[in-house]
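Read through the structure below, which is laid out as structure tokens, and then see the notes.
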Amino acid sequence: MSDAWNGPRRPVVPGTVGDLEWWTVGGGPDADWPARVMLWERDGTTTAWGWFNPPGGLDWFVGDVSDDEETEIRAEILDWQRLQTLRAWRERILTATTDAERTAATEPPSMEAWALESSSEESILRDLGWTASDTSLSQWVQRLDIDLDPPRVPDGYTLRHVRGPEEFPARVEAHRAAFAPSRITVEKYELLPGLDHYRFEHDLVLEAPDGSIAAFAICWLDPVGSVGEFEPVGTHPDHQRRGLGRVIMRAGLRLMREQGIRDAVVFSHRSNAASEALYRSAGFDVAAIHRQYALTIEP
């Protein structure tokens, strides 16, 4: 992913190292990573990967290869996804304990994958019979070769970073409130300090007057690719509509710029009007649209 940001596709690269590490947290400490991540290598160098998200989702990336090689590799990734989806479907059937679970498990399994609009990956999916869904993501990018004013922190709030693991329960509580329903747990969050690109100093929070966490943003800095990503960004429902998201993002942008990062990136669901408005107000522009495709398969 770092190499891709140094290549011709910049800034339209579908993710950063921050995505990979945040997905690792989402998988939890007991994730079966050999079943969920597959690498494609050439001459000892990783050229592509597939990231399976049970029960049928896929994130994928193919590096700079020829058109014929890309078509071949993506077909192999989709074949692997199909096998993993069927395996997950059969497991749901075997572990179903209620009538509702048994009924849901016997429905034909469905696969999902993301594709950049007007790209080769989109053409490949369409040629293979995949159908575009209504779900899409905006990829927002901001150059950091500009002056950035200090964030204007509202009276009573304190801008700081997570001090250490002892604050993880409060940090998770704020996340779960902002993204309810959420699958993030303290157990998962405790994986962060062991990851290459996580820093307590980059896990920014706005502390409310009562000492709780009102807003937050993790900044993932990749010095090799010279790109920084916000993932996730959120505000507790009790503190929304006060401009806190923009404040914390301004702090993150300044942090990235001070570290010599060239571009900042953030993704949002296009159906989320609040997020789209926040990133636009923070100075980002849409660089690309990524759409989800789906395919129902026969077991």
Side-chain angles (χ1 to χ4, degrees), residues 1-7 9-42 44-54 56-65 73-74 76-78 80-81 84 112-116 119 121 137-141 175 179 182-185 187-203 216-234 252 256 259 261-269 287-288 290 292:
M1 296 305 293
S2 295
D3 287 346
W5 279 96
N6 291 319
R9 286 189 263 183
R10 186 186 192 107
V12 185
V13 179
T16 73
V17 295
D19 287 303
L20 303 181
E21 296 191 1
W22 181 245
W23 298 344
T24 301
V25 171
D30 300 321
D32 182 4
W33 293 118
R36 295 179 67 165
V37 179
M38 183 69 74
L39 307 180
W40 274 255
E41 297 182 348
R42 180 174 59 188
T45 300
T46 300
T47 58
W49 50 261
W51 192 297
F52 180 67
N53 302 301
L58 174 73
D59 288 287
W60 55 345
F61 177 77
V62 179
D64 294 324
V65 297
I73 292 172
R74 289 196 184 277
E76 291 179 2
I77 295 176
L78 294 173
W80 169 76
Q81 178 195 11
Q84 299 306 99
E112 298 172 343
W114 292 95
L116 173 68
S119 69
E121 62 204 72
L137 297 175
S138 296
Q139 180 175 357
W140 300 84
V141 177
H175 180 103
F179 295 107
S182 169
R183 290 179 290 182
I184 283 293
T185 63
E187 183 181 38
K188 290 180 178 180
Y189 213 86
E190 288 173 341
L191 297 174
L192 281 168
L195 301 177
D196 289 345
H197 296 86
Y198 176 82
R199 304 287 185 275
F200 291 113
E201 295 80 7
H202 299 169
D203 196 344
F216 53 84
I218 299 181
C219 304
W220 300 95
L221 277 61
D222 176 8
V224 176
S226 195
V227 61
E229 181 177 7
F230 291 95
E231 175 65 339
V233 180
M256 293 176 188
Q259 295 295 318
I261 298 298
R262 286 172 53 193
D263 295 295
V265 181
V266 66
F267 292 82
S268 65
H269 280 273
H290 302 267
Q292 192 175 69

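No experiment lies behind these values; they were computed from the predicted model shown.
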Is the closest side-chain heavy-atom distance between [X] and [Y] below 4.5 Å?
X    : Y    : result
V65  : W40  : no
E121 : W60  : yes
E231 : F267 : no
W23  : N53  : no

With a 3.5 Å distance limit and no angle check, can you tell me whether [X] reaches the backbone of [Y] through a side-chain donor-acceptor pair?
X    : Y    : value
D222 : G18  : no
T47  : G63  : no
R199 : D196 : yes
S138 : W140 : no
Q84  : V37  : no

Please give me the minimum heavy-atom distance between [X] and [Y], naming the atom from each residue.
X    : Y    : answer
F179 : V233 : CZ-O, 3.1 Å
E112 : Q292 : OE1-NE2, 3.6 Å
A288 : V12  : CB-CG1, 3.6 Å
K188 : G28  : CG-CA, 3.8 Å
L221 : H197 : O-CD2, 3.3 Å
G228 : I261 : N-CG2, 3.4 Å

Review point. Given V265 and Q139, is the side-chain contact (heavy atoms from CB on, under 4.5 Å) satisfied, shown in steps?
Key: CA-CA 7 Å; V265 181; Q139 180 175 357; 4.1 Å; yes

Exercise for review: Would you indicate whether E76, at its atom CD, is surrounded by more than 12 heavy atoms from other residues, nucleotides or ligands within a distance under 6.0 Å?
Suggested key: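 Yes - once you tally the heavy atoms of other residues, nucleotides and ligands closer than 6.0 Å, there are more than 12.
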
Can you tell me how far apart [atom1] ([X]) and [atom2] ([Y]) are? Round to the nearest 0.5 Å.
X    : Y    : atom1 : atom2 : result
S226 : M256 : OG    : CE    : 11.0 Å
R42  : I73  : CZ    : CD1   : 7.0 Å
T45  : D3   : OG1   : CG    : 8.5 Å
Q81  : D59  : CD    : CG    : 10.0 Å
W51  : L58  : CH2   : CG    : 12.0 Å
E229 : D19  : CD    : CG    : 3.5 Å

Point to revise | W5 and T16: side chain donor to acceptor below 3.5 Å | key: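 Looking only at side-chain atoms, T16 and W5 do not form any donor-acceptor pair under 3.5 Å.
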
Review point. Without hydrogens or angle criteria, can the side chains of W220 and E21 be said to hold a donor-acceptor pair below 3.5 Å?
Key: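 Side-chain D/A pair, W220 to E21: absent.
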
Check your understanding: Who pairs with D263 by salt bridge (charged side-chain N to carboxylate O under 4.0 Å, His left out), at least two apart in sequence or on another chain?
Key ->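 Only R10, R143 meet the salt bridge (charged side-chain N to carboxylate O under 4.0 Å, His left out) criterion with D263.
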
Point to revise | Summary of side-chain hydrogen bond (donor to acceptor under 3.5 Å, both in side chains) pairs that have at least one residue in residues 25-39, sequence neighbours excluded | key: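 Listed once each, the pairs would be none.
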
Check your understanding: What residues form a side-chain contact (heavy atoms from CB on, under 4.5 Å) with M1, not counting sequence neighbours?
Key ->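 In terms of side-chain contact (heavy atoms from CB on, under 4.5 Å), with neighbours along the sequence ignored, M1 is linked to V13, V17, L20, W49, F61.
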
